[in-house]
Amino acid sequence: MSDDREHDGQTFVRLPTDPDDRIHEDQPTRDEVLDWWDERFGIGRDYLADYTFWEKGRGKVWAFHADTESPVRVEGLGMSVLRTRGDHWKPTTNAVQRFGHRAERNVIDLTREQAEAFVAGEDQEVPWDGDWGYLIATHDIAGETEPLGVGLYLHGELRSQIPKGRRRDL
Amino acid sequence: MEVLDRYEPLIDDFEAFRAACERPLPSVVRVNTIKTEPETARAALEAEGIGVEPCGWHAGLFRLDTQPGANWPYYHGWLHGQEEVSVVPATVLDPDPGDRVWDACAAPGSKTTQLSALMDDRGLLVATDNNLGRISALRSNAERLGVTNVAVTREDARNHSLKPWEAKAYDAALVDVPCSCEGTIRKNPDTLDEWTLEHVEGIAGTQKGILRRAVQTVREGGHVVYSTCTFAPEENEAVLDHVLGAEDCRLVEFDLPLDHVPGVTAFEGETFDESVRKAKRIYPHHNDTGGFFCAKLEVTG
């Protein structure tokens, strides 16, 4: 394993297609990332097929709608979309706002009042009889169902995962 | 404002120009077509009681009767607050989906994200800036607007490296350079307080270096758009004149559905190549906007 394939926090490394090419033991493969979006949210592999997936630092996955030679040392490459450290992979707010309109499961639609609390960063009791864990929260605006961000559903409560800088009082 | 008196010989209706410079600027948003369509964004704004007036020359631009940041469509990344003339250069470059494009002075990303939308968020868009704080703003705007085809680099654009990008030339480049910002006086009334001719002449050197590098990195037949938000010919026509002599490129005509006048061929004893008349000057009294300068070059070698 050459030095330039290891993470130094500044370098983007394309996710391997072959598990044997992983540069650390918990690095996901491209297939695992595509399968996760499909299994968790029903966002099909076809929809994300033109993306290349990259890791910068351990467990932070970026989606790039172009390609170049790996590794590459730059400030950003597409969008940070997924955190894969730990047992439960977590999508980013920006990723679900970009891809979430394609989701077919683990989507919780909120009323206008619930949506206001959600984007203000508040936790709230919301009825939900599906899986616990990370959900895509949506609401209706101008005739569209639009993703708001990621909520963590546990014990009858939807915990807003909107980052502080993106919270709004609307 | 006295600084602007030096441009009186260039401007037909100087009183109208001065009066426009003293008025505040309308609040304008660009609809982000990566995430929505102009009609949907307009419906969402009007549903919140926000007054929307379309800008006639561009289907995705609205003048609002309030500040743009605190509403649902903005939260969703459907809108980006962007001054009307700031929309001009990416519109003139007009890249196609799948192109390879360089945005040489990208932060905070208004034009970068517009380029991505014009590319349908497909193809390589390299966005360069040399300041980490400004790059942070660029990245957060790009992510809120859902841009996924942009690669952000921190470097001096004059020494931009193609190496990370498979050493292949670009199809197009946008060179919206740092400038003395005289044309933003309606947004920042104190912008001229620290104006000096030395600063203008110094920054013109940087502008020449960045535009030269852009011409070098674009393939033959590809286009480079050069723009500033300033009136000073030292930073506009003089930069073009220099690069026309130093690199393989020529100025080309382009359409612009906003009132404007041609580039000037002489100022304060200096003369410039006749072809700089193909560049366009937009003064604040022309369209009730900020001031702007825009030129389109074709790479010939």
Side-chain angles (χ1 to χ4, degrees), chain A residues 10-12 47-48 50-54 56 62-81 92-101 110 112 115-116 118-120 137-149 162-170, chain B residues 34-37 39-48 69-78 97-101 106-107 116 119-129 132 135-136 138-140 142-155 161 163-168:
Chain A
Q10 296 297 316
T11 305
F12 286 82
Y47 181 63
L48 297 173
D50 291 338
Y51 283 86
T52 57
F53 293 94
W54 302 72
K56 183 190 186 192
W62 295 56
F64 185 36
H65 215 174
D67 200 1
T68 194
E69 284 167 19
S70 176
V72 60
R73 190 182 176 88
V74 289
E75 299 296 325
L77 206 60
M79 175 188 283
S80 171
V81 294
T92 64
T93 298
N94 294 314
V96 306
Q97 286 198 354
R98 180 70 171 85
F99 306 136
H101 60 283
L110 303 181
R112 178 54 58 102
E116 285 172 6
F118 186 84
V119 303
T138 63
H139 76 144
D140 295 333
I141 173 173
E144 316 265 331
T145 299
E146 192 69 8
L148 293 159
I162 303 298
K164 283 202 177 71
R166 293 290 298 280
R167 292 177 192 167
R168 289 288 180 278
D169 281 317
L170 291 171
Chain B
I34 295 172
K35 287 194 165 180
T36 192
E37 297 302 323
E39 310 79 61
T40 311
R42 181 176 183 168
L45 285 164
E46 288 177 341
E48 293 195 39
N71 55 66
W72 280 109
Y74 184 88
Y75 173 80
H76 286 297
W78 290 6
D99 276 356
R100 293 170 60 89
V101 180
S116 174
M119 296 166 77
D120 197 19
D121 194 22
R122 289 190 282 128
L124 177 66
L125 173 57
V126 176
T128 294
D129 209 275
L132 271 186
I135 283 174
S136 170
L138 162 65
R139 280 186 39 201
S140 95
E143 293 209 323
R144 184 179 61 83
L145 298 180
V147 173
T148 60
N149 72 330
V150 69
V152 179
T153 72
R154 182 191 182 199
E155 39 183 349
S161 172
K163 206 175 147 208
W165 317 114
E166 300 172 310
K168 283 195 287 197

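Protein chains get the first letters and strands the later ones, always in sequence-line order, with residue 1 at the start of each.
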Interatomic distance, [X] atom [atom1] to [Y] atom [atom2] [nearest 0.5 angstrom]:
{"X": "E75(A)", "Y": "T128(B)", "atom1": "CD", "atom2": "OG1", "value": "10.5 Å"}
{"X": "K163(B)", "Y": "R73(A)", "atom1": "NZ", "atom2": "CZ", "value": "12.0 Å"}
{"X": "N149(B)", "Y": "D50(A)", "atom1": "CG", "atom2": "CG", "value": "12.0 Å"}
{"X": "D140(A)", "Y": "W72(B)", "atom1": "CG", "atom2": "CH2", "value": "11.5 Å"}

Are P73(B) and I141(A) side-chain neighbours, meaning at least one heavy-atom pair lies under 4.5 Å?
yes
Smallest heavy-atom separation, K35(B) atom then Q97(A) atom, equals NZ-OE1, 3.3 Å
Give me the atom names and distance for the closest heavy-atom approach of V74(A) to V152(B).
CB-O, 3.3 Å
Which atoms of [X] approach chain A - backbone, side chain, both or neither, heavy atom under 4.5 Å:
{"X": "L124(B)", "answer": "both"}
{"X": "A47(B)", "answer": "neither"}
{"X": "R122(B)", "answer": "both"}
{"X": "L132(B)", "answer": "side chain"}

Heavy-atom distances under 4.5 Å only: say whether [X] touches chain B with side chain, backbone, both or neither.
{"X": "H139(A)", "value": "side chain"}
{"X": "A115(A)", "value": "both"}
{"X": "S80(A)", "value": "both"}
{"X": "E144(A)", "value": "side chain"}
{"X": "D169(A)", "value": "neither"}
{"X": "L170(A)", "value": "side chain"}

Under a 4.5 Å cutoff for heavy-atom pairs, which residue among R144(B), E48(B), R100(B) has the most contacts with chain A?
R144(B)
Among the options E166(B), R154(B), K168(B), pick out the one with the most heavy-atom pairs lying under 4.5 Å from chain A.
E166(B)
Can you list everything that forms a salt bridge (charged side-chain N to carboxylate O under 4.0 Å, His left out) with E46(B)? Sequence neighbours excluded, please.
R42(B)
Give the member of H101(A), E116(A), R166(A) that has the highest number of heavy-atom pairs under 4.5 Å with chain B.
R166(A)
Largest heavy-atom contact set with chain B, pairs under 4.5 Å, which of A95(A), G76(A), G165(A), A142(A)
G76(A)
Run the side chain to side chain contact (heavy atoms under 4.5 Å, CB included) check on I34(B) and R98(A) step by step: do they pass?
CA-CA 9 Å; I34(B) 295 172; R98(A) 180 70 171 85; 3.7 Å; yes
Exam field: side chain H65(A) to backbone D121(B), donor-acceptor pair closer than 3.5 Å:
yes
Just by distance, no angles: are the side chains of W78(B) and E146(A) close enough, under 3.5 Å, to form a donor-acceptor pair?
yes
Which one of V147(B), V150(B), T148(B) satisfies the side chain to side chain contact (heavy atoms under 4.5 Å, CB included) criterion with M79(A)?
T148(B)
